[in-house]
Amino acid sequence: MRFVLTPFSLPWVSRAKCLVSALLVGTVLSGCSLWGGSSKPVPADLGPNVAVLGVRQVWSARSGSVAGLPLDIHASGHVVTLASADGVVVALDARSGADLWRTALGESLSAGVGSDGKWTAVVSRSNFLMALEAGRELWRKPLQTQTFTAPLVAGNRIFVLSADRSVSAYDAATGRRLWIQSRPGEPLVLRQSGVLLAVGDTLVVGLSGRLVGFNPDNGSVRWEAPLASARGTNDVERLVELVGRVSRVGDSVCARSFQAAVGCVNTARGTVAWTQLAAGTEGIHGDGDLIFGTESNGALLAWRRADGTRAWTSDRLKFRKLTAPLVLGRSVVVGDETGLVHLLSRDDGSPLNRLTTDASGIAAAPVVAADTLVAVTRNGGIYGFRPD
């Protein structure tokens, strides 16, 4: 089965992110035509790198390839946990890049990694939720359907958001399922990480174009806040899935709806603070003042967190496939498909530095742990950078 997306409906999205699963019939639709048969626009030359902010590579390590895996890198304290597509899960010391533990699960993965520092969880392509402790597999339990979002490990429980938009909770120590909540959904879903996080005593989940607050003890719904509504005339154009990463500051959680909008929700009241139209495919990040996101065409945007008004726009990286951003001090950090890591000013998007990796492309949004910026490439290169 083949479909063609017009440049208007889905401009310049990577083939991997165009793949969607038709849950009702269990097939995968592929073959996106991104620019109506024309060649992809050529990015402008970046020019020489002028390192306004001194940053240097301090270590490198390797995992297996992460191609095809919607990878989430988990950072907590000085520990960075990640996985490869073939099922190798590794925890690194961000201070040195050394392995703390490394485990081969013998299963290809569809989602990972979730961790709370004690337990780690991933999901296999054969639809098994697998839990580890200190690198040792504790248990694996079958799931009803595919999962592309990294499990959330919190409060001695593991929460799972599956592709059929069901949400379930498991006891982290035993694997016993505690509850499951299902709801009818659209027939298509992105093969991309969604939204799943804990805010105080509420489990916050992205379901279609809504942030939904659940009671983590029993799965009952506390509130729903719509960030985007379905538009268009077919299932693809009507897709309004929320995508990770998100920006949380206190009770404020801001998220992106795929190719539709960016907005913020007050999770204490379950109300929408604001939404703005935005045509991006990757998650967002921010701080108490600003929210940052990359558009499908490579533009970098900043919105004011208080009201959603535009603070600035930068086209410097236009037509480069960018990751979700990371706010780090005075910098906004994004990776691109050539393996470059760009540090840009949070004030206006001007360049501060440009870091190189193995050129296979940055696979996931960078993270920070122990004052170390960590980036992972599609070929499994892991790079640690620190300021001079």
Side-chain angles (χ1 to χ4, degrees), residues 63 66 69-77 79-85 87-92 94 100-103 105 107-143 145-163 165-180 191-199 202-207 214 216 219 242-246 248 253 255 283 285 324 363-369 374 376:
S63 67
V66 298
L69 174 66
L71 174 67
D72 279 2
I73 310 166
H74 187 273
S76 179
V79 180
V80 175
T81 311
L82 62 145
S84 62
V88 175
V89 185
V90 58
L92 300 176
L100 298 174
W101 53 261
R102 183 178 292 248
T103 301
L105 295 171
E107 291 265 7
S108 297
L109 301 183
S110 66
V113 172
S115 181
D116 66 352
K118 179 179 181 181
W119 288 295
T120 299
V122 296
V123 180
S124 72
R125 289 188 181 178
S126 56
N127 301 338
F128 278 89
L129 172 64
M130 295 178 282
L132 302 90
E133 183 177 13
R136 179 179 63 89
E137 183 179 338
L138 292 178
W139 50 262
R140 58 179 68 189
K141 297 291 182 179
L143 300 175
T145 188
Q146 292 176 294
T147 297
F148 306 117
T149 301
L152 170 68
V153 186
N156 299 324
R157 283 162 287 187
I158 298 176
F159 301 96
V160 177
L161 169 61
S162 292
R165 297 174 179 83
S166 65
V167 183
S168 51
Y170 296 81
D171 184 282
T174 66
R176 180 174 65 90
R177 193 173 75 184
L178 304 174
W179 53 263
I180 184 169
R191 296 179 65 97
Q192 186 171 342
S193 183
V195 174
L196 185 64
L197 73 154
V199 181
T202 299
L203 176 68
V204 178
V205 183
L207 296 175
F214 288 89
L242 299 189
V243 298
R245 68 178 29 165
V246 301
R248 179 200 170 191
V253 173
H285 205 228
V367 300
V368 64
V374 179
V376 178

- Could you go through the side chain to side chain contact (heavy atoms under 4.5 Å, CB included) check for Arg245 and Val367 one step at a time? CA-CA 11 Å; Arg245 68 178 29 165; Val367 300; 3.7 Å; yes
- side chain to side chain contact (heavy atoms under 4.5 Å, CB included) partner of Val113, chosen from Val90, Val153, Thr120: Thr120
- Report the residues that fulfil side chain to side chain contact (heavy atoms under 4.5 Å, CB included) with Ser76, sequence neighbours left out, ordered by chain and then residue number. His74
- Query: What is the minimum heavy-atom distance between Ala324 and Pro366, and which atoms define it?
  - Reply: O-CD, 4.0 Å
- Applying salt bridge (Lys or Arg N to Asp or Glu O under 4.0 Å) to Arg102 and not counting sequence neighbours gives Asp99
- Main-chain N/O of Ala172 paired with Trp139 side-chain donor or acceptor, under 3.5 Å: yes
- Message: For a side chain to side chain contact (heavy atoms under 4.5 Å, CB included) check, start with the C-alpha distance between Val368 and Val374, then their side-chain angles and the critical distance, and finish with the verdict.
- Response: CA-CA 6 Å; Val368 64; Val374 179; over 6 Å; no
- Message: Show the nearest heavy-atom pair for residues Ala365 and Ile73, with the distance to one decimal.
- Response: O-CD1, 3.8 Å
- Look at the side chain of Trp179 and the backbone N and O of Tyr170, then say whether any donor-acceptor pair between them is shorter than 3.5 Å. no
- Message: Could you tell me if the side chain of Gln192 sits less than 4.5 Å from the side chain of Pro70, heavy atoms only?
- Response: no
- Message: Show the nearest heavy-atom pair for residues Ser110 and Leu69, with the distance to one decimal.
- Response: C-CD1, 3.6 Å
- Task: Determine whether Val195 and Val243 make a side-chain contact, defined as any pair of heavy atoms from C-beta on separated by less than 4.5 Å.
- Result: no
- Query: Rounded to the nearest 0.5 Å, how far apart are OG of Ser168 and CD1 of Ile158?
  - Reply: 10.5 Å
- Task: Using the side chain to side chain contact (heavy atoms under 4.5 Å, CB included) rule, take Val89 and Val122 through it: C-alpha gap first, then chi angles, then the decisive distance, then the call.
- Result: CA-CA 9 Å; Val89 185; Val122 296; 4.2 Å; yes
- Show your reasoning for whether side chain to side chain contact (heavy atoms under 4.5 Å, CB included) applies to Phe214 and Val167. CA-CA 9 Å; Phe214 288 89; Val167 183; 4.2 Å; yes
- Verify, without hydrogens or angle tests, whether Ser115 (side chain) and Gly117 (backbone) share a donor-acceptor contact under 3.5 angstrom. yes
- Does some side-chain heavy atom of Leu92 sit less than 4.5 Å from a side-chain heavy atom of Val79? no
- Query: About how many Å separate OG of Ser124 and CG of Leu143, when rounded to the nearest 0.5 Å?
  - Reply: 8.0 Å
- What's the spacing between Asp72 CG and Thr81 OG1 if we round to 0.5 Å? 12.0 Å
- Item | Minimum side-chain heavy-atom gap Pro151-Val123 below 4.5 Å | yes
- Message: Is there a side-chain contact between Val160 and Arg177 in this structure, where contact means two heavy atoms from C-beta onward sitting under 4.5 Å apart?
- Response: no
- Give the minimum heavy-atom separation between Leu109 and Ala83, together with the two atoms involved. CD1-CB, 3.7 Å
- Query: In chain order, what residues pass the salt bridge (Lys or Arg N to Asp or Glu O under 4.0 Å) check against Arg157, with sequence neighbours excluded?
  - Reply: Asp217
- Message: Is any side-chain heavy atom of Leu152 closer than 4.5 Å to one of Leu203?
- Response: yes
- Mind checking what makes side chain to side chain contact (heavy atoms under 4.5 Å, CB included) contact with Ser166, not counting sequence neighbours? Ser162, Asp164, Ile180, Ser182
Side-chain donor-acceptor contacts of residues 128-138 below 3.5 Å, not counting sequence neighbours, with atom names and distances?
| unit_1 | atom_1 | unit_2 | atom_2 | d |
| --- | --- | --- | --- | --- |
| Glu137 | OE1 | Arg140 | NH2 | 2.9 |
| Glu137 | OE2 | Arg140 | NE | 2.7 |
| Glu137 | OE2 | Arg140 | NH2 | 3.3 |

- Task: Return yes if some donor-acceptor pair links the side-chain N/O of Thr202 with the main-chain N/O of Val204 below 3.5 Å, else return no.
- Result: no
- Task: Taking the side chain as every heavy atom from C-beta outward, state whether Leu197 and Val246 have any atom pair closer than 4.5 Å.
- Result: yes
- side chain to side chain contact (heavy atoms under 4.5 Å, CB included) partners of Ala369, counting only residues at least two apart: Ala75, Val80, Ala94
- Task: With the side chain counted from C-beta on, respond yes when Leu161 and Phe159 share a heavy-atom pair under 4.5 Å apart, and no when they do not.
- Result: no
- Message: Restricting to non-hydrogen atoms, name the atom on Ala364 and the atom on Leu71 that form the minimum distance, rounded to 0.1 Å.
- Response: CB-O, 3.5 Å
